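Notes follow the structure.
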Amino acid sequence: MTSLPPSTDKKLGLVIDLDTCVGCHACVVSCKEWNTGGYGAPLADIDPYGAEPMGAWLNRVHTYEVTPAEGPASVVHFPKSCLHCDDAPCVTVCPTGASYKRVEDGIVLVEEDLCIGCGLCAWACPYGAREMDPAENVMKKCTLCVDRIYNENIPQEDREPACVRTCPAKARHFGDLADPDSDVSRLVAERGGFDLMPEMGTKPVNQYLPPRPKTRPQASAASPAPETVEADGLLGWIDRALERLG
Amino acid sequence: MHPAISVIFFTVTSGAGFGAISLIGAGYPFAQGAWVAFLVGALAGGLAVAGLISSTFHLGHPERSLRAFSQWRSSWLSREGVCAVVTLLLFGLYTLIWMVTGVRLGWLGAFIVIGAVATVFTTAMIYTQLKTVPHWHTAWTPAVYLAFAAASGFTLMASLGRIDALGGWPVTAIAFWLLLLAWAVKSLWWRRALTTNLAQAGSTPETATGLGHLGKVRLLDRPHTGPNYLTKEMVHKVARKHANQLRFLSLVTGALAPIAVTGLTWLAGADRLWLLAAFILLMAGLIIERWLFFAEAEHSVSLYYE
């Protein structure tokens with residue numbers, strides 16, 4: 001079971017547009033909300049209202065400062081969740097068969113009843129996509145909302161991952177990356193989508209779109225000082241009177 | 001990486017236990033008698049079992065640990081479990097036959113040697129396989145585990161054995177050279193680790209975010225203000241704070257002291273029971289060495305938090 005399938009029929013995944021993401025964390029909250037009531041054990045929090053709250057999240061947004069060799073730095077909001085890798089190291093290290101990659105759509109899932117909570121899959125993942133649930137002691141990860149995308153009890157427009165559905169900036173896209181004609185594949189081709197840490201050899205399915213080049217205001221001479229207009233009439237008299245007062 | 005006490009204790013004691021088991025399987029001579037067979041078998045097996053039981057303490061669901069024997073085709077952790085249990089079962093049978101009949105079955109012993117070596121090797125491979133931790137991802141890691149298993153197993157068994165010399169060499173001399181060899185291998189491991197941080201292995205915040213083509217990447221805001229499983233487990237930096245002092249301590253306790261004890265015992269021709277002292281010192285030093293093995297290892301997830 002924890003051997004990877006030689007190939008998958010589809011490669012369902014996300015395309016995340018780093019140009020559009022505004023870093024609002026709505027996808028993070030929406031993910032937690034859906035997944036705490038959906039697939040598997042709830043996503044627990046420890047000390048949620050205390051001094052040091054901590055819990056399991058399947059999606060987190062980091063914010064980076066990118067400083068080019070020349071020119072001003074820019075801020076990039078960076079959502080990160082499971083990339084559903086083609087060559088997922090988290091799957092093959094699993095001793096129990098709890099971790100697996102589905103042949104039909106490529107989604108990487110955890111069968112929580114089989115998980116012994118050894119944590120080795122989290123060590124094997126370069127991206128930090130897996131987190132141990134602090135209450136259930138089983139490994140949690142993004143399911144690509146497997147309980148939404150095929151769910152015939154919800155309206156068609158809701159059959160996509162919660163993070164994609166909720167993104168107010170439309171920075172997240174969901175689709176089949178094995179199909180070169182799908183919207184997501186075309187987006188990746190047009191915008192130069194890239195892999196995270198390709199050197200790890202994981203062949204991630206999820207793709208990231210780079211921020212577009214920024215248009216900078218032209219450097220120009222200082223704008224001319226506003227003309228001083230002499231007031232006349234009553235205002236002019238008040239102006240001159242106040243001037244004399246110092 | 002977070003240095004979990006249960007895993008540190010597991011790798012050190014089961015290494016020594018399976019080292020000793022392989023020597024017993026290879027027919028290392030002991031005094032006659034059922035009691036000797038029982039005590040030697042219980043000591044070697046006990047170390048291995050104590051380590052394995054300890055390793056289950058860091059599991060979220062130890063009651064499901066039987067499941068871990070199922071994926072030996074793909075998982076090094078599963079292979080380790082299978083090798084350990086098969087070896088221990090064969091070893092139990094071997095010791096029982098030895099106790100009851102006084103006969104030590106050579107062919108069964110041969111299987112035990114193979115099983116014990118395979119167990120230590122597969123334990124090391126759990127760490128070696130991880131590309132995410134460049135310090136561990138080298139053939140030197142299984143070499144270190146095997147060398148320390150051999151040194152600690154031999155030092156313990158030689159102190160309890162019946163013979164003063166093996167193949168013309170005093171057993172104290174063999175223990176001395178094995179200890180020296182093990183620490184030489186570990187020094188090479190450490191030397192490699194010095195030049196194998198994440199950046200040198202080719203991973204940086206720029207490759208992690210894919211934003212390197214735009215410039216230098218620096219974390220501005222963490223995803224949450226508090227800690228999380230990832231930062232506690234894999235971005236564990238507190239444990240590294242006293243790395244140099246700990247390395248010094250591990251070298252003094254685990255290398256200098258036992259090498260000096262075995263060397264002096266050898267030169268003075270003193271009682272080989274002194275090797276027991278060397279063994280205990282080595283174990284203490286190895287606990288610190290193993291702490292550093294985890295604490296100093298950088299995981300690629302930390303790149304997202306820099």
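Quick note: numbers below take in every heavy atom, side chains included, and nothing from hydrogens, waters or symmetry partners. What you see is a predicted model; the values in this text were computed from it and never measured. Letters A, B, ... are given to chains in the order of the sequence lines, protein chains preceding strands, and every chain is numbered from 1.
Most heavy-atom pairs under 4.5 Å with chain A: of the set Thr225(B), Thr207(B), Thr204(B), this distinction falls to Thr207(B). The most heavy-atom pairs under 4.5 Å with chain A, out of Gly60(B), Ser203(B), Pro62(B), come from Gly60(B). Taking Asn137(A), Val28(A), Thr63(A) one by one and counting their heavy-atom pairs under 4.5 Å with chain B, the maximum is reached by Thr63(A). Among the candidates Ser70(B), Gly81(B), Ala201(B), Ala68(B), the residue making the largest number of heavy-atom pairs closer than 4.5 Å to chain A is Ala68(B). Chain B forms the most heavy-atom pairs under 4.5 Å with one residue out of Asp113(A), Val138(A), Asp195(A), and that residue is Asp113(A). Per-residue counts of heavy-atom pairs under 4.5 Å with chain B were compared for Pro210(A), Pro198(A), Ala122(A); the largest is that of Ala122(A). With respect to chain A, the highest number of heavy-atom pairs below 4.5 Å among Ser78(B), Pro205(B), Ser300(B) belongs to Ser300(B). Among Val217(B), Leu303(B), Thr209(B), the residue making the largest number of heavy-atom pairs under 4.5 Å with chain A is Thr209(B).
Neither the backbone nor the side chain of Gln207(A) comes within contact range of chain B; no heavy atoms are under 4.5 Å apart. If you measure heavy-atom distances from Glu136(A) to chain B, the contacts under 4.5 Å come from the backbone alone. Using a 4.5 Å cut-off between heavy atoms, Tyr208(A) makes no contact with chain B at all. Looking at Pro126(A), the atoms closer than 4.5 Å to chain B (heavy atoms on both sides) sit in the backbone and in the side chain alike. For chain B, the nearby parts of Cys118(A) are the backbone and the side chain; heavy atoms of each come within less than 4.5 Å. With a threshold of 4.5 angstrom between heavy atoms, His58(B) approaches chain A through its backbone and through its side chain. Looking at Leu214(B), the atoms closer than 4.5 Å to chain A (heavy atoms on both sides) sit in the backbone and in the side chain alike. Only the backbone of Arg222(B) comes within contact range of chain A, with heavy atoms under 4.5 Å apart. His77(A) does not touch chain B: none of its heavy atoms, backbone or side chain, sits under 4.5 Å away. The contact between Leu18(A) and chain B is made entirely by side chain atoms (from C-beta outward), counting heavy-atom distances below 4.5 Å. Neither the backbone nor the side chain of Phe57(B) comes within contact range of chain A, judged by heavy atoms closer than 4.5 Å. Using a 4.5 Å cut-off between heavy atoms, Leu130(B) contacts chain A through its side chain alone, with no backbone atom that close.
Considering every non-hydrogen atom in both Gly119(A) and Tyr229(B), the closest pair reads CA-OH, 3.9 Å. Shown here for Cys94(A) and Gln71(B), the closest heavy-atom pair between the two residues is O-CB, 3.6 Å. Taking each heavy atom of His299(B) and Cys125(A) in turn, the nearest pair found is CE1-O, 3.2 Å. Closest of all the heavy-atom pairs between Gly128(A) and Val301(B) is N-CG2, 3.2 Å.
A heavy-atom distance below 4.5 Å is not found between the side chains of Arg64(B) and Thr96(A). The closest side-chain heavy-atom distance from Pro95(A) to Ser75(B) is below 4.5 Å.
Taking CG of Leu120(A) as the reference point, atom OH of Tyr127(B) lies at 8.5 Å (rounded to 0.5 Å). Residue Lys131(B) holds its NZ atom at 11.5 Å from CE of Met197(A), rounded to the nearest 0.5 Å. Here Leu220(B) contributes atom CG and Phe78(A) contributes atom CZ; the two are 14.5 Å apart, rounded to the nearest 0.5 Å. Interatomic distance, CD of Glu65(A) versus CG of Asp221(B), reported as 10.5 Å (0.5 Å rounding). Taken to the nearest 0.5 Å, the CG atom of Leu196(A) stands 8.5 Å off from the CG atom of Leu211(B). Between atom CD1 of residue Ile116(A) and atom CD of residue Glu63(B) there is a gap of 10.0 Å, rounded to the nearest 0.5 Å.
The neighbour count for Phe69(B) CZ, taken as heavy atoms of other residues, nucleotides or ligands under 6.0 Å away, is above 12. Few gaps surround CZ on Arg186(A); more than 12 heavy atoms of other groups in view lie less than 6.0 Å from it. Heavy-atom neighbours of Arg67(B) CZ from other residues, nucleotides or ligands within 6.0 Å: at or below the threshold of 12.
With hydrogens and angles disregarded, no donor-acceptor distance shorter than 3.5 Å links the side chain of Ser3(A) to the backbone of Ser74(B).
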Under 3.5 Å, sequence neighbours excluded: what are the donor-acceptor pairs made by side chains of residues 52-62 of chain A?
residue  : atom : partner   : partner atom : Å
Arg60(A) : NE   : Glu131(A) : OE2          : 2.7
Arg60(A) : NH1  : His224(B) : ND1          : 2.6
Arg60(A) : NH2  : Gly55(A)  : O            : 3.3
Arg60(A) : NH2  : Glu131(A) : OE1          : 2.9
Arg60(A) : NH2  : Glu131(A) : OE2          : 3.4
His62(A) : ND1  : Tyr64(A)  : OH           : 3.3
His62(A) : ND1  : Tyr304(B) : O            : 3.0

